[in-house]
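All remarks here apply to the structure that follows.
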Amino acid sequence: MFSGHTHGGQLCLPGGIPIKLEARLPRAMGAGAWRYADMVGYTSVGVGTSILPVRLNCPPEVTLHTLRRP
């Protein structure tokens, strides 16, 4: 599953831990690769900002995914 972007929290503590994640999902699914039961997913933090034009400890990313048949 590919799930758009969350801005990664935009304002994060050192280590990329979001101060507030504006999404209805567990924090572990807020950025990067994750698994839930039989589903594999990836959530991008995106490249932009929301409300304030600043990102702290949350570098922007553009991801490239290659899908292959098993």
- Query: Does Arg55 use its side chain to pair, donor to acceptor, with the backbone of Gly48 at less than 3.5 Å?
  - Reply: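 Judged by distance alone, yes, a pair lies under 3.5 Å.
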- Message: Quick check against the 3.5 Å criterion: does Thr43 have a side-chain atom that pairs as donor or acceptor with the backbone of Gly30?
- Response: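 Looks like no, no N/O pair under 3.5 Å.
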- Are Val45 and Val62 connected in a single hydrophobic cluster, I mean Ile/Leu/Val/Met/Phe/Trp/Tyr linked by side-chain heavy atoms less than 4.5 Å apart?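 Cluster IDs for Val62 and Val45 differ.
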- Message: Within the structure provided, determine whether Cys12 and Ile17 are in side-chain contact (heavy-atom separation under 4.5 Å).
- Response: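 Side-chain contact under 4.5 Å: no.
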- Is the closest side-chain heavy-atom distance between Gln10 and Thr49 below 4.5 Å?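 When only atoms from C-beta onward are counted, Thr49 and Gln10 do touch, with a gap below 4.5 Å.
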- For Ile19, which residues count as a side chain to side chain contact (heavy atoms under 4.5 Å, CB included) partner, sequence neighbours excluded?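 Counting only residues at least two positions away or on another chain, Ile19 forms a side chain to side chain contact (heavy atoms under 4.5 Å, CB included) with Leu11, Leu13.
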- Query: When rounded to the nearest 0.5 angstrom, what is the spacing between CZ in Arg35 and CE in Met29?
  - Reply: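 It comes to 11.5 Å.
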- Could you give all pairs that pass the ring-ring contact (aromatic ring centres under 6.0 Å, His included) test and reach residues 51-70, with sequence neighbours left out?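 Sorted result for residues 51-70: Phe2-His65, Tyr42-His65.
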